[in-house]
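Notes for the one structure printed next.
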Amino acid sequence: MDEIIERERRGDATPDEARQLAEWRRASLANEHDYRRVVRLLDAARALSADRHAPVPTAAAVLARNRPAIESAVARSRWTPWLIATAAAAGLVVGVALQRRNPPAAPGVLGVANVTTGAAEMTTVLLGDGSAVRLAPSSRLAMTASDSTRDVTLDGRAFFVVAKMPNKPFVVHTAAGNARVLGTRFELATHDHDLKLVVVEGRVALSSGDSSIVVRGGEQSGVTDRRTLAPQAVAHADQMEQWVGKFLVFQTTPLRDAAREIERMYGIRVVVTDSIVARRTVTATFTDQTAGQVLDVICSVVSAQCDTRPGEVVVSRRY
C-alpha cells in the first residue's frame, strides 16, 4: 500500500489504484491513521529535494525501516484533526519531517480536544503548532481553538516542549495560576491550588492572582496560596524530568544540535562528519525509542549514513 500512496501523492496512481486506496482508507481508522503517517514521511522526503546534494529516499526505503514501530503504535493511538496522542508503551515516532532552512510558520490553532490519562498511563500529545506535551498519569490536558492565542488547561502533571512563535504566546492555565511562555521546555505539576514549575530551557512568566514572577532555565518555582514563590537554582534541571522517560522533541533542529541532545539522553557519542548534513534540520518526536531507533529514523529521513563504532555513532553524507 505504501507504493500506491506514493503514486497517489505524485498524481500517478491509476483509477483502480485510487479506488483501492480510497476503500482501504475507509475500511478502518487504523488505515486512515497509517495513511497520514506515510504522507508525512513522503513530505519529508520531498523536502530533501531542496538540497541538490541529497538524494530523495523513496517511500519504500523510509518505511521499510520504520514500519514495525508504526504498525505497533497505530492500534494504540487516538487521533483527532488537531493532535495525536500516543501511549508511552507504543514507542511511536510521530511527525518526522525534514524542513527547509526557512520553514513556513507553524499554524496557530491548537484545536479543541481533551486528553486524560489513567492511573498507570502516560501519553505524548502533539499539538497543531508543533509543540509536544508528555502527560503524566492521572492528568488532564484541554485545548481550545483560537487563531490568535495558544491556550491549554492542565490538571495534573506534564512536561512541555513549546514551539517558538513570538507573536503567539503559549499559556498554560491551572487552578493555581498561569504559565506564559514564548518557546521553552518546562514541567508543571498542579495539586488543588498549589503548583510546581521547573524550567529546563527558556523563560516562563508565572502568575497567580496579583503575584507574578519570571522563571528562567535551570530554575524552579511554584505557587502556594495564590502567591508565586521566589525562583531557586536547580543544578541539573534536565535530569529532574526522569519520569518522562526517553522523550525527544526536535523542532526544526539542525542535525548537529539534535546529535548533542541524543548524546545527553543516551550517553553515547554522536559524530556528524559532514557540514552539509549537520545543517539539515529535523522536526521529530520520539517516545521511549532506543538510541539506535532514533538514529535509524533520522538518518533515513535526512539521507545520511550512520555507522556504529565502539562507543560512538558516526553520521556522514550518503553517496
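Only this structure's heavy atoms are used, side chains among them; waters, hydrogens and symmetry mates stay out. The structure presented is a predicted model; accordingly, all values stated were derived computationally and were not measured. Numbers here simply count residues along the sequence, with the first being 1.
- Ring geometry for F170 against F160 counts as perpendicular: the plane angle is over 60°, on a 0 to 90° scale with 30° as the lower cut.
- R260 is linked by a salt bridge (Lys or Arg N to Asp or Glu O under 4.0 Å) to D257, counting only residues two or more places apart in sequence or in another chain.
- Residues satisfying the salt bridge (Lys or Arg N to Asp or Glu O under 4.0 Å) test with D155, not counting sequence neighbours, are none.
- Under a 4.0 Å N-O distance rule, the pair R185/E261 qualifies as a salt bridge.
- Contacts of H193 classified as side-chain hydrogen bond (donor to acceptor under 3.5 Å, both in side chains), with partners at least two apart in sequence or in another chain: none.
- Applying the side-chain hydrogen bond (donor to acceptor under 3.5 Å, both in side chains) test to R19 and every residue at least two apart in sequence or in another chain returns D16.
- Take E17 and apply the side-chain contact (heavy atoms from CB on, under 4.5 Å) test, not counting sequence neighbours, and it matches I4, R7, A13, T14.
- Contact of the V313 side chain with the V271 side chain is not registered, since no non-hydrogen atoms from C-beta on lie closer than 4.5 Å.
- Applying the side-chain hydrogen bond (donor to acceptor under 3.5 Å, both in side chains) criterion to S316, with sequence neighbours excluded, gives no partner residue.
- Evaluation of the side-chain contact (heavy atoms from CB on, under 4.5 Å) rule for M265 yields K246, L248 as partners, not counting sequence neighbours.
- Using a distance-only test at 3.5 Å, with no hydrogens or angles considered, no donor-acceptor pair links the side chain of R269 to the main chain of E312.
- Using modelled atom types, one side-chain atom of S131 and one backbone atom of A163 make a donor-acceptor pair closer than 3.5 Å.
- Between F247 and T287, some side-chain heavy-atom pair lies under the 4.5 Å cut-off.
- S221 places no side-chain N or O within donor-acceptor distance of the main-chain N or O of L197, the cut-off being under 3.5 Å.
- Counting only heavy atoms from C-beta outward, the side chains of M1 and Q20 approach each other to under 4.5 Å.
- Considering only residues two or more places apart in sequence or on other chains, S139 meets the side-chain hydrogen bond (donor to acceptor under 3.5 Å, both in side chains) condition with none of them.
- Residues meeting the salt bridge (Lys or Arg N to Asp or Glu O under 4.0 Å) test with E263, sequence neighbours left out: none.
- Annotation: side-chain contact (heavy atoms from CB on, under 4.5 Å) contacts of R203 (sequence neighbours excluded): V214, R216.
- A donor-acceptor contact shorter than 3.5 Å is absent between the side chain of R157 and the backbone of A136.
- When the side-chain contact (heavy atoms from CB on, under 4.5 Å) test is applied to A176, the partners found at least two apart in sequence or on another chain are T174, L195, V223.
- A salt bridge between R134 and D288 is present, with a side-chain N of the basic residue lying under 4.0 Å from a carboxylate O of the acidic one.
- Judged as a salt bridge (Lys or Arg N to Asp or Glu O under 4.0 Å), and not counting sequence neighbours, D307 has no contacts.
- With Q251 as the partner, the side chain to side chain contact (heavy atoms under 4.5 Å, CB included) test is satisfied by one option alone out of D129, T281, V161: V161.
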